[in-house]
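A short worksheet on the structure shown next.
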Amino acid sequence: TATERIWEILPGLQFWLVFFAAILLSYYQPVWAALFIICFDLYWVLKAVNVATHLMASYRKFRFFVTIDWLDYARRLANIPLFIEFLSAQKRQTRQTLERAYYAQEIQRLKKLVAGGKTAAGIRPFYHVVLIPFYDESFEVLDSTLDALTKVNYPIREQLILLLASEQRAGKTAQDTCGQIRKKYEKYFFKFFITVHPDGLPGEIKGKSANASYAVEAILPLLADLNIGQDQVLVSNFDSDTIVHPQYFARVMYEFLTADKPYQKSFQPIAVYNNNIWDSPALIRVVSVSNSFWQFTESSRPDRLRTFSSHTMSLKTLTEVGFWKKDIVNEDGYIYWQCYLHYNGDYQVVPLFIPISLDTCLAPTTWETLKNQYKQKRRWAYNVEYYPQLIPRLLRSKAPFWDKMYKLYQYVEGNFNWATASIMISTLGWLPLFLGGQAFQQSVIGYNLPQATKALMTIATAFLIFSVYINLVLLPPRPEKYSIWRSVMMYVQWIFVPIVSVIFGSLPAIEAQTRLMFGRYLEFWVTPKARKGENTGLAMKEMRPVKST
C-alpha cells in the first residue's frame, strides 16, 4: 500500500538527506557544518565511554555467572525458603562486591515469590525443544552442534527434544545429512524429530522464519500425544552452528522458574564467535568480536536488549503470537516486537550472561569470506524491513506511552546511526575543510576543526583498550597449527577498526536501507558455514563445565 511504501522509504531517505545536507552545508555554511561535526564527534565520544562502561560491567557479571552451577540452583528451587538461606550463606562467605550484590538481589526476588505464595518450583515438568533450522550446512557443522548438546549439564534423555528442521528445496543431500545426524544422536535425547519444510507455500519467503514456524507447528500434535502441554515447553531457536554452554539450559530454567511472569520473557545468551575464530582473516575477526561486544553491552542494559540469533522462549507464548512471521528476513529480532505488541508492552528479554559460540564468516578464499561477511551484515541491517508493520502498530498499541516511545526511538536511532555514524566520522567530518573555501580554512574554527576532531577521536579510540583486553581473554587456546604470529595478529588486527566500521558497518546498512527505499527487496541469504580445522567453540575457559556443588 501507499502508506507502507512511505514507511519503507523513510530510513533510506533519512540517510540520504543527512548525507547531501552535510555536503551542501559544508559548501555554503562551513562554520555551521564544523560546529555540527564537533558536536557529533563529542556525542560519539560520550557514547564510547558509555559503551565501554557497560561492556566492562557486563563482562564482570559474565565471568561470575559462568562459575555458578545453575542446575544445582534450579533444583534448590524445590524449597525456596531453604534456597534463600543458602544464598544468604553464600553472600556472607564472599567479599566480592558484585557477588554480594547479586546474592542480595536474588534473595529479595525470591522473597517476593514466597510472599506471593510460591514456595517451591521444579524443573521436572518442563521440556526444552531445541530447534535447529538448516539449509545446506555440512554434517561436520551439525555434528559439532549436536555433540555440544550432549555435553550439557541437564537431564538430556528426560527433558531435551531435538527438532531438526530441514528444507525440501535443499534436496537429497540435506535429507542424507539428517539421517546421519539422527543415527548418531537420537539415542541421547528424549525425542528426536525431523521436519521437511515444503518449498513455495503461500505467504512465505524462502528463509529461516518460515522453516522454523513450520517445524514447530508440525510437532504440536506429537507433543500433545505425549501429554506435554504447551505451557510445559521452552523452545530454543538455535542457528545451525550454535555451540551451547554446558550450563545453558539450567541457566534458562532457573530464570524461567524465578520470573514473575515467565511466559512474558525471552532468554538471551551472549553470542561469541569462537568456533573458527583462529581460521578467519583479521578483518573478519574484528567484525565478529565487535558483534560479541555489542551483545555484552546490550546485556548490561535490559531495557535495550532484544532477541538476537539463538535464544529461548516459551512455546505457549510462541503459539499465542502466531509463531515467527513467515514473510520477513530477520525473524530473530521481530519475534520480540510480536511479543511486546501482543502483551501491550509487558514483555522483556532476560540477559543470561552465559555464552554460546558461533562461527565467524569463513569461505575457501579471503575475498569470498569478505563478500560473505558483507552480505551477512547487510541482511542484519535489513531489519529496517520492520518499519511498515512495526511503527504503525507500535504507535497504536496499548503499551505504556513513554515506554513505547523510548523503544521506538531506540529502534529508529539504532538504524540511523548504523548507516551514518562511521561515514560521518571518517569521511564527512572533513568536508568543511575541502569545500568551505580558503576563508573558512583560515578562520579559527577551520584551523581548530582537525585538532578538535583528532582529539575527540583519540579519546574514543582509547576505549578500544577495554575491547582488546576482553577479546584476548575470551579467545580459545591457539591451535597448534598456528605460530605465535597468529597471536600477535590478535593485537594488530585492531588497527583495522576504522576500515571495518565503514565497510562492514555503514555501507551494508546504507545498501539495505536504500534497497528498501526503492522497493528492491532483499531475500533471505544463508551465511555459508565452513571450517578449516578443529572447532574451538568449547575450548574457551568460560565454556568449561562447572564442578557440581
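Bear in mind that the values here come from a model prediction, so they are computed numbers and not experimental data.
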Enclosure of Lys118 NZ (heavy-atom neighbours >12, cutoff 6.0 Å): yes
Are Lys206 and Asp199 close enough that some pair of their side-chain heavy atoms sits under 4.5 Å apart? yes
Backbone N or O of Ser138 within a donor-acceptor pair of the Lys529 side chain at under 3.5 Å? no
Relative to each other, are the rings of Phe83 and Tyr73 parallel, tilted or perpendicular (30° and 60° limits)? perpendicular
Set of ring pair (Phe, Tyr, Trp, His ring centres under 6.0 Å) partners for Phe416, sequence neighbours left out: none
Without hydrogens or angle criteria, can the side chains of Thr312 and Tyr248 be said to hold a donor-acceptor pair below 3.5 Å? yes
Distance alone, cut at 3.5 Å: any donor-acceptor contact between the side chains of Tyr340 and Asp403? yes
Among side-chain atoms of Gln247 and Tyr154, is any donor-acceptor pair under 3.5 angstrom? no
Looking only at side chains, do Gln268 and Thr307 share a donor and an acceptor under 3.5 Å apart? no
Residue pair His128 / Met253, side-chain heavy-atom distance below 4.5 Å: yes
Counting only N and O atoms by type, is there a donor-acceptor contact under 3.5 Å from the side chain of Thr177 to the main-chain atoms of Thr173? yes
For Met517, does its backbone N or O pair with a side-chain atom of Arg5 as donor and acceptor, under 3.5 Å? yes
Across all chains, not counting sequence neighbours, the side chain to side chain contact (heavy atoms under 4.5 Å, CB included) partners of Gln348 are Lys265, Asp346
Tyr102/Phe65 aromatic ring centres below 6.0 Å: yes
Within-4.5 Å side-chain heavy-atom neighbours: Phe190 and Tyr127: yes
Residue from Asp231, Ile219, Leu220 passing side-chain contact (heavy atoms from CB on, under 4.5 Å) with Leu315: Leu220
State the SG-NZ distance between Cys178 and Lys183, to the nearest 0.5 angstrom. 15.0 Å
Do you see a donor-acceptor pair shorter than 3.5 Å between the side chains of Asn274 and Ser357? no
Would you please say whether a donor-acceptor pair under 3.5 Å links the side chains of Gln180 and Tyr185? no
Note, Leu352 side chain near Trp70 side chain (heavy atom, < 4.5 Å): no
Would you say Gln105 and Gln108 are linked by a side-chain donor-acceptor pair, where the criterion is simply a distance under 3.5 Å? no
Mind checking the CD-CG spacing from Gln338 to Leu390? Nearest 0.5 Å is all I need. 10.5 Å
Is there a donor-acceptor contact under 3.5 Å from the side chain of Thr514 to the main chain of Gly12? no
Kindly say whether Trp324 contributes a backbone atom to a donor-acceptor pair with the side chain of Ser213 at under 3.5 angstrom? yes
Just so I know, are the side chains of Leu164 and Thr195 near enough to count as touching, which here means a heavy-atom distance under 4.5 Å? no
So, are Glu255 and Arg109 salt-bridged, with charged N and O less than 4.0 Å apart? yes
Separation of Gln373 CD from Phe504 CZ (nearest 0.5 Å): 6.0 Å
Main-chain N/O of Lys325 paired to Ser209 side chain as donor or acceptor, under 3.5 Å: yes
Would you call the rings of Tyr214 and His197 parallel, tilted or perpendicular, where under 30° means parallel and over 60° means perpendicular? tilted
Does the side chain of Asn535 pick up a donor-acceptor pair with the side chain of Asn276 at under 3.5 Å? no
Please work out which of the three classes, parallel, tilted or perpendicular, describes the rings of Trp294 and Phe308, given edges at 30° and 60°. perpendicular
Taking Glu385 first and then Arg379, would you say they form a salt bridge - that is, a charged N and a carboxylate O separated by under 4.0 Å? no
In terms of side-chain heavy atoms, does Asn383 have a donor or acceptor partner in Asn330 at a distance below 3.5 Å? no
Taking side chain to side chain donor-acceptor pair (under 3.5 Å) as the criterion, tell me which of Thr242, Asp332, Asn237 meets it with Ser310. Thr242
Taking it one step at a time, do Lys184 and Asp143 satisfy salt bridge (charged side-chain N to carboxylate O under 4.0 Å, His left out)? CA-CA 9 Å; Lys184 183 173 181 179; Asp143 182 52; 2.9 Å; yes
Mind checking whether Thr67 and Val546 have side chains closer than 4.5 Å, heavy atoms only? no
Give a yes/no verdict on a cation-pi contact between Arg393 and Trp337, requiring under 6.0 Å between NZ or CZ and the six-membered ring centre and an angle within 45° of the axis. no
Side chain of Arg396, backbone of Leu394: donor and acceptor closer than 3.5 Å? no
Does Phe62 reach the side chain of Ile354, with side-chain heavy atoms less than 4.5 Å apart? no
Presence of salt bridge, Asp239 and Lys208, under 4.0 angstrom: yes
Tell me, please, whether Tyr382 has Arg515 positioned over its six-membered ring: NZ or CZ under 6.0 Å from the ring centre and within 45 degrees of its axis? no
Salt bridge check, Arg301 against Asp303: does any charged N sit closer than 4.0 Å to a carboxylate O? no
Using only atom types and a distance under 3.5 Å, with no angle test, would you say the side chain of Gln175 pairs donor to acceptor with the backbone of Ala170? no
Could you tell me the separation between the CD atom of Glu413 and the CH2 atom of Trp418, rounded to the nearest 0.5 Å? 13.0 Å
On the 0 to 90° scale, with breaks at 30° and 60°, tag the Tyr347-Tyr343 ring pair as parallel, tilted or perpendicular. parallel
Mind checking ring pair (Phe, Tyr, Trp, His ring centres under 6.0 Å) for Phe192 and listing every partner two or more places apart, or none if nothing turns up? none
Could you verify whether a donor N or O on one side chain and an acceptor N or O on the other, from Tyr103 and Glu99, lie under 3.5 Å apart? no
Are Arg169 and Glu204 close enough for a salt bridge, meaning some N to O gap below 4.0 Å? no
Should the heavy atoms of other residues, nucleotides or ligands under 6.0 Å from NZ of Lys47 be counted, would the total exceed 12? yes
At what distance, to the nearest 0.5 angstrom, does CZ of Phe249 lie from CG of Leu234? 10.0 Å
Exam field: side chain Gln159 to backbone Ile156, donor-acceptor pair closer than 3.5 Å: no
Can you confirm whether Thr360 sits close enough to Asn275 that some side-chain heavy atom of one is under 4.5 Å from a side-chain heavy atom of the other? no
Are side-chain N/O atoms of Asn291 and Gln295 paired as donor and acceptor at under 3.5 Å? no
Carefully, step by step, assess Lys326 and Glu217 under the rule salt bridge (charged side-chain N to carboxylate O under 4.0 Å, His left out). CA-CA 12 Å; Lys326 301 177 181 180; Glu217 288 183 272; 3.1 Å; yes
Glu106 vs Tyr254, test: side chain to side chain donor-acceptor pair (under 3.5 Å). Steps then yes/no. CA-CA 11 Å; Glu106 282 304 288; Tyr254 177 82; 2.6 Å; yes
For the CE atom of Met56 and the OH atom of Tyr59, what is their distance to the nearest 0.5 Å? 8.0 Å
When you measure from the side chain of Ser300 to the backbone of Thr297, do you find a donor-acceptor pair of N or O atoms at a distance under 3.5 Å? no
Check whether NZ of the Lys or CZ of the Arg Lys316 lies under 6.0 Å from the centre of the six-membered ring of Tyr263 and within 45 degrees of that ring's axis. yes
